[in-house]
Amino acid sequence: MLEIRGLDVWYGGIHAVKNIDMSIGRGEIVTLIGANGAGKSSTIRAVAGLVRDWKGSMTFTKPEGGQVSLAGCPPETMVRLGISLSPEGRRILPHLTTEENLTLGAFTRKDREEIAESMEHVYGLFPKLRERRNQKGGTLSGGEQQMLAVARALMSKPELLMLDEPSLGLAPILVAEVFDIIREINRQGRTILLVEQNAYAALKIAHKAYVLETGEIALSGTGAELLENPKVREAYLGG
Amino acid sequence: MGIKMSFDMFMQHFINAVGLGSLYGLIAIGYTMVYGILRLINFAHGDIFMLGAYFVFFATVSYKLPWAFGVLAAIAGATLCGLLVDRIAYRPLRNAPRISALISAIGVSFFIENLSVVVFSGMPRPVVQPPLLMKAFSIGGVRLVPLALLVPAISFALAAGLLWLIYRTRSGLAMRSISHDIETTRLMGVSVDRIIALTFALGSALAAVAGIMWALRYPRVEPFMGIIPGFKAFIAAVFGGIGSIPGAMLGGLSLGFVEIMSIAFFPKLSGYRDAFAFILLILILLVKPTGLMGEKLEDKI
């Protein structure tokens with residue numbers, strides 16, 4: 001569904017990603033792990049259209065067939081194509097209610113009934129959000145905000161859902177909950193690109209994984225393979 | 001030194017103050033909307049107000065269009081100018097330091113004023129008031145013309161319509177979102193430049209309506225007529241709490257009252273008329289710098 005070939009990304013004047021290849025197949029959970037500053041966020045932000053200073057090729061295959069090059073596309077085009085990012089740090093709009101945050105997530109869609117259906121769907125996934133629907137985003141707890149960030153990204157009905165560090169700053173019990181939900185979203189047919197520092201949790205649910213080190217892909221394989229890999233164990237899983 | 005005043009007299013001043021204040025409020029809304037979204041003081045806003053007044057003058061006096069058409073044409077023309085200002089003077093500087101856009105704003109303001117002197121000539125021109133709006137009548141002992149009631153009525157109705165748009169429509173939701181976090185709003189699929197253009201269009205249309213009503217109240221137009229009302233409306237926006245639309249209207253009304261009432265009660269001070277706005281500005285900045293209805297600045301988590 002998304003083919004990345006020879007991708008270089010410059011971010012804030014730094015050559016953050018160097019000549020990487022990645023392939024994300026429809027229905028997969030693909031994870032990108034690595035240390036802070038390895039280039040994970042730069043990669044995902046380039047796919048989302050937020051970082052425009054990149055070269056190489058990114059080709060997106062539409063569900064109905066037909067390939068699109070993502071070169072030069074702004075974020076709104078990506079969303080319309082079916083690529084949605086839940087950004088690092090959640091970025092909830094604190095002065096808008098939960099429901100308004102979700103409505104904003106559906107900005108590119110027109111059909112009110114279908115939007116209401118999606119709203120019901122995400123409330124089903126995250127029942128806590130239904131209780132908080134009229135509460136301002138800023139008053140939600142950290143865990144609830146993370147749920148809202150994921151739910152909001154789902155509201156555009158993306159083909160490819162990208163999650164940037166969804167476990168960041170959450171208590172372990174919430175981390176487990178978030179990963180369960182990611183798996184559930186995937187089971188419902190969405191492709192997921194997951195950027196994580198919590199390598200163990202990410203590899204456990206991933207079909208395919210890439211390890212980034214200083215902007216280059218150091219290793220790749222299935223999630224299970226990398227979990228067993230001694231280098232990965234030493235560097236990312238605490239031995 | 002104050003003077004004693006009859007109730008009728010007071011009501012006369014009261015209506016006058018509401019009219020002037022609502023005009024300040026209408027202009028202030030444009031400042032506050034643009035500031036809320038871009039953190040930019042759009043100095044050209046007072047000049048859009050002036051253009052609105054000129055366009056209605058040309059449409060109705062020079063081209064003898066019926067009033068309704070003239071007003072619509074003037075609003076459309078001024079809105080277009082507001083959009084052009086954004087496109088030419090501000091949009092290329094979206095990622096530049098904020099001070100660059102501010103300097104550009106001052107430049108574009110001077111440009112519009114002086115271009116207007118060249119194109120329209122610097123001579124003030126008289127505006128013809130439609131007789132229907134000027135037919136005096138009395139309520140109790142208060143003598144009124146319909147225009148005096150029409151101005152605040154239109155201003156409040158437009159402000160209410162704008163609030164509806166901002167709180168009840170998708171575009172309004174996007175505006176409120178942009179004012180907090182442009183990047184995240186982009187990720188939701190919002191074309192930020194389009195929403196910013198809409199903001200300029202709405203602010204300019206309101207300024208044009210204010211300019212038209214101003215030209216009817218003080219029946220003349222001249223190229224620099226936007227400067228002082230522009231400054232005062234900006235002060236009103238700060239006084240009410242910049243970024244807040246109800247605040248802008250409240251600030252405008254406060255300013256209208258201070259200005260009219262201080263002259264009414266202390267006629268000797270009438271020479272200082274324009275100074276009251278600045279005194280109000282100094283006071284609010286000392287006592288409550290976020291303005292009457294300004295949000296407390298929150299640290300982002």
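This is a predicted model, so every value here is computed, not measured. Per chain, numbering begins at 1; letters A, B, ... match sequence-line order. Below, each value reflects all heavy atoms present in this structure, side chains not excepted, and no hydrogens, waters or symmetry copies.
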Assert top hit (heavy-atom pairs under 4.5 Å, partner chain B, pool A:Arg152, A:Arg91, A:Glu100, A:Met155) equals A:Arg91
Ranked by heavy-atom pairs below 4.5 Å to chain B, first place among A:Ile92, A:Thr77, A:Ile83, A:Leu93 goes to A:Leu93
Under 4.5 Å to a heavy atom of chain B? For A:Ser156 that would be neither
Quick note, ring pair (Phe, Tyr, Trp, His ring centres under 6.0 Å) partners involving residues 128-167 of chain A, not counting sequence neighbours, are none
Give a yes or no on whether the backbone of A:Thr59 and the side-chain of A:Ser69 come within a donor-acceptor separation of less than 3.5 Å.
no
Honestly, the part of A:Ala106 sitting under 4.5 Å from a heavy atom of chain B is backbone
The side-chain contact (heavy atoms from CB on, under 4.5 Å) partner of A:Leu163 among A:Ile192, A:Leu85, A:Leu193 is A:Ile192
Honestly, the part of A:Leu104 sitting under 4.5 Å from a heavy atom of chain B is both
Hits for salt bridge (charged side-chain N to carboxylate O under 4.0 Å, His left out) against A:Glu76, two or more places apart or cross-chain, chain-then-number order -> none
Turns out that what part of A:Arg45 lies under 4.5 Å from chain B's heavy atoms comes down to side chain
Is a donor from one side chain sitting under 3.5 angstrom from an acceptor on the other, for A:Ser23 and A:Glu3? yes
